[in-house]
Amino acid sequence: MINITFPDGSVRQYEKGTTGLQIAESISSRLAQDVIAVGVNDQTTEINRPITTDASIKLYKWDDAEGKHAFWHTSAHLMAEALQELYPHVKFGIGPAIENGFYYDIDTADMVIRENDFPTIEAKITEIVARKENVVREEISKADAIKLFTEKDEPYKIELISELEDGTISLYRQGNFVDLCKGPHLANTADIKAFKLLSVAGAYWRGDEKRKQLTRIYAISFPKKKMLDEYLLLLEEAKKRDHRKIGKELELFTFSQSVGQGLPLWLPKGTMLRDQLEDFLKKVQKKYGYLPVRTPHIGQKELWITSGHYAKYGKDSFQPIHTPQEGEEYLLKPMNCPHHCEIYKVSPRSYKDLPIRYAEFGTVYRYEQSGELHGLTRVRSFTQDDAHIFCRPDQLKDEFMKVMDIIFIIFKALNFENFEAQISLRDPNNKEKYIGSDENWEKSEQAIIESCEAKGLKARVELGEAAFYGPKLDFMVKDAIGRRWQLGTIQVDYNLPERFELEYTGADNQKHRPVMIHRAPFGSMERFVAVLIEHTGGKFPLWLTPEQVVILPISEKFNDYAKEVVNTLNMHDIRASVDERNEKIGKKIRDNELKRIPYMVIVGEKEAENNELSVRKQGEGDKGTYSINDFAQLIVDEVNNMTNKFLA
RNA sequence: GCCGAUGUAGCUCAGCUGGCAGAGUGCGUCCUUGGUAAGGACGAGGUCACGGGUUCAAGUCCCGUCAUUGGCUCCA
């Protein structure tokens, strides 16, 4: 007999060789149905693997990441099996489970797989699932594994095996398909009830652009058909919220081929929205003692040689602009910090002056690869809500925490209730990738870690994700349909002050180096607006939305009254207009609903006579009758409620 | 930059095995002057992304370029 310890600490005895499935059966038949994988002493394994020693176990279901992982991993093998049967010549790369589904990388030789081929592949998968094949684990020696895959002529597998330790090589076999794999897997492919191929793309073998590009097929699968339907619905919802689509519909921004790729043009309504965001952050920053600055869009190349950016990014940037007479070289600025450093240097600084916080909505230009451009989230010209804090080392932690406060205010004001944070440190095994002394790196990293602790912020720590000049704290928000977006960032930097020879005079009358904090709560205005669009589906909060109120006259006879109303509302700083079109009221309501205008005001004979308004709220309908002043007050109060509490 | 897909009216899209370029919506004019999610008529609007080729004939087939797009790589 062996002792099995459950997550709640209870211990039960089972016969030696009992499987996870049998343990689940001994608890409930429902659990036995749902269990997908078993954690045995923190190692995830199959539910049909015999357990031979005392162990603590966890039974994983679909709701557990480990369960999904095993499910999708087997699904990847299943898809590979189908591909092998349909296209016997394909060579297999890797086929892992990912956050939402899985993929398999295959070498198709000259054959091209297109999305048109998906129904054929899906039909084959359905056929295989009906065979109810068992998934069987085998362990073989390295030599045997190489022999097997040499016979099968699978060069990518051989490459993978040759890098593995001998003795622990496992294979998983189902039907005629066998794959090198650590596992764990489902016991039988029949559990995969719903399957959908999602997209096909090129992917370099092992992520190396010098190696062959394989065909990657993305897919997802579920234990129930209903779950697949729900997932597809979510994809539909994401499509509806696509900021590129809504940006066009609501006339927020556009791109022009004549202007150039990745160079967004902000239309009046988009600009109004963005201005609201900028004004709000300016007010918050004012409260926190920031000083506004402005700097030009270009600067001498030497500026970025000094900063170290030129050495790292110069070749892959927009190339220098030359002055016609002197042949001097200027760069479009890829970042604002060097300019701000020069502002710092404008006069000698005392320790009493610090911290100094310079803020600028600074537009920068980066040559992103053409394949990487995407709507407003990845562009070649964007505006950072940038600021640089120059402080004494003893002020660093305090300043860092104040920046965190600003970021929390922004997230709260914009209803991003769910967010995560990531501390990005340098890769200790790869120090040559970074500039700056070990000592400074350690100090910077420590400051970030301590600030998070002091603020009670649980942050994931990632090694090797730091910027090349310093560690950083990044914030990821979760939007209304559960997708994660990276937004704000805070970075500690000892290097630039060194490179620009920034100084202050200490109380000891000696020269000292300040520390710099780079920070951008929104990240970039372009990206932030994109995320905001997808988060809200274009239904912006009242204080941000470009058009807050539209007046809908019942007929043209009441256009004049409607214009009076607009004038009054405008006097209260309310963004309002009249829908003067010769349309019936139903049509006007419909069109303005689709434009996601928060308040519609209907005016006809009754309202004009009594100096009243009939108010209608977007998505809710008729709200009854108001006097003009009461309505104006309603809007003003609603806007104030949304923002003023953060500015008090 | 690389691999795949796509590019037709302002927008969303149809246009089969090559044979006179279409719809809806938007826009303009007129009729209608209305009460809480689409009133009606007429009209304008196209270098079928661009360049080349095959063909009696190309939106359609082939090649190239550009852009968009799904990924890969990259991301100060």
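None of the values given here were measured: they were computed from a predicted structure. Lettering of chains follows the sequences in order, A, B, ..., and the numbering in each one begins at 1.
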*Relative to the 5' end of RNA chain B, which residue comes earlier, A:Lys587 or A:Leu214, by the nucleotide with the nearest heavy atom?*
A:Leu214
*For A:Asp591 and A:Lys588, take the nucleotide of RNA chain B holding the closest heavy atom to each; which residue's nucleotide lies nearer the 5' end?*
A:Asp591
*Can a salt bridge be assigned to the pair A:Lys595 and A:Asp591 using a cut-off of 4.0 Å between side-chain N and carboxylate O?*
no
[atom1]-based separation of [M] from [N] [nearest Å]:
| N | M | atom1 | value |
| --- | --- | --- | --- |
| B:G59 | B:C48 | P | 7 Å |
| B:U60 | B:A21 | C1' | 12 Å |
| B:G46 | B:G7 | C1' | 14 Å |
| B:G28 | B:U68 | P | 30 Å |
| B:C31 | B:U36 | P | 25 Å |
| B:G10 | B:C2 | C1' | 34 Å |
| B:U17 | B:U69 | C1' | 29 Å |
| B:C11 | B:C16 | P | 22 Å |

Atom [atom1] of [X] and atom [atom2] of [N]: how far apart are they, to the nearest Å?
| X | N | atom1 | atom2 | answer |
| --- | --- | --- | --- | --- |
| A:Lys606 | B:U36 | NZ | C1' | 11 Å |
| A:Ile589 | B:G34 | CD1 | C1' | 12 Å |
| A:Lys245 | B:G10 | NZ | P | 20 Å |
| A:Leu267 | B:C11 | CG | P | 13 Å |
| A:Tyr561 | B:G34 | OH | P | 18 Å |
| A:Glu583 | B:U36 | CD | P | 16 Å |
| A:Asn116 | B:A5 | CG | P | 9 Å |
| A:Glu249 | B:G26 | CD | C1' | 13 Å |

_hbond_proxy A:Asp208 side chain to B:U73 base (donor-acceptor, 3.5 Å cutoff)_ = no
*Answer yes or no: side-chain N or O of A:Tyr204 and base N or O of B:G71 forming a donor-acceptor pair under 3.5 Å.*
no
*Of the options A:Glu445, A:Gln491, A:Glu465, which is the one that meets A:Ser424 in a side chain to side chain contact (heavy atoms under 4.5 Å, CB included)?*
A:Glu465
*Sole residue of A:Ile574, A:Thr625, A:Leu569 in side chain to side chain contact (heavy atoms under 4.5 Å, CB included) with A:Phe631*: A:Leu569
Contact class for [X] (heavy atom, under 4.0 Å): base, sugar-phosphate, or nothing?
| X | value |
| --- | --- |
| A:Glu607 | base |
| A:Ile585 | sugar-phosphate |
| A:Arg216 | sugar-phosphate |
| A:Ser614 | base |

*Check: A:His388 ring centroid to A:Tyr344 ring centroid under 6.0 Å*: no
At less than 4.0 Å, is any side-chain N or O atom of [X] found next to OP1 or OP2 of [N]? Yes or no.
| X | N | result |
| --- | --- | --- |
| A:Lys248 | B:U12 | yes |
| A:Lys557 | B:G34 | yes |
| A:Arg114 | B:A5 | yes |

Tell me if a side-chain donor or acceptor on [X] pairs with a main-chain N or O of [Y] at a distance below 3.5 Å.
| X | Y | answer |
| --- | --- | --- |
| A:Gln213 | A:Arg211 | no |
| A:Asp493 | A:Leu496 | yes |
| A:Arg519 | A:Ile490 | no |
| A:Arg426 | A:Gly470 | no |

*side chain to side chain contact (heavy atoms under 4.5 Å, CB included) evaluation trace for A:Tyr156 with A:Asp107*: CA-CA 9 Å; A:Tyr156 301 103; A:Asp107 184 347; 2.6 Å; yes
*When you check the side-chain N and O atoms of A:Tyr599 and A:Glu638, is any donor under 3.5 Å from an acceptor?*
yes
_Between A:Glu159 and A:Trp205, a side-chain donor and acceptor under 3.5 Å_ = yes
Is [N] paired to anything, Watson-Crick or G-U wobble with both distances less than 3.5 Å, and if yes, which nucleotide?
| N | result |
| --- | --- |
| B:U25 | B:G10 |
| B:A44 | none |
| B:G35 | none |
| B:G4 | B:U69 |
| B:C74 | none |
| B:G51 | B:C63 |

*What heavy-atom pair brings A:Arg596 and A:Glu249 nearest, and what distance separates the two atoms?*
NH1-OE1, 3.3 Å
Are there any protein N/O atoms within less than 3.5 Å of an N/O atom in nucleotides 74-76 of chain B, and if so, which ones and at what distance?
from, atom 1, to, atom 2, distance (Å)
B:C75, O2, A:Arg378, NH1, 3.1
B:C75, O2, A:Arg378, NH2, 2.8
B:A76, OP1, A:Tyr313, OH, 3.2

*Which nucleotides of nucleotides 60-70 of chain B have their base under 4.0 Å from a protein heavy atom (B), which only their sugar-phosphate (S), and which neither (-), written as one string 5' to 3'?*
-------SSSB
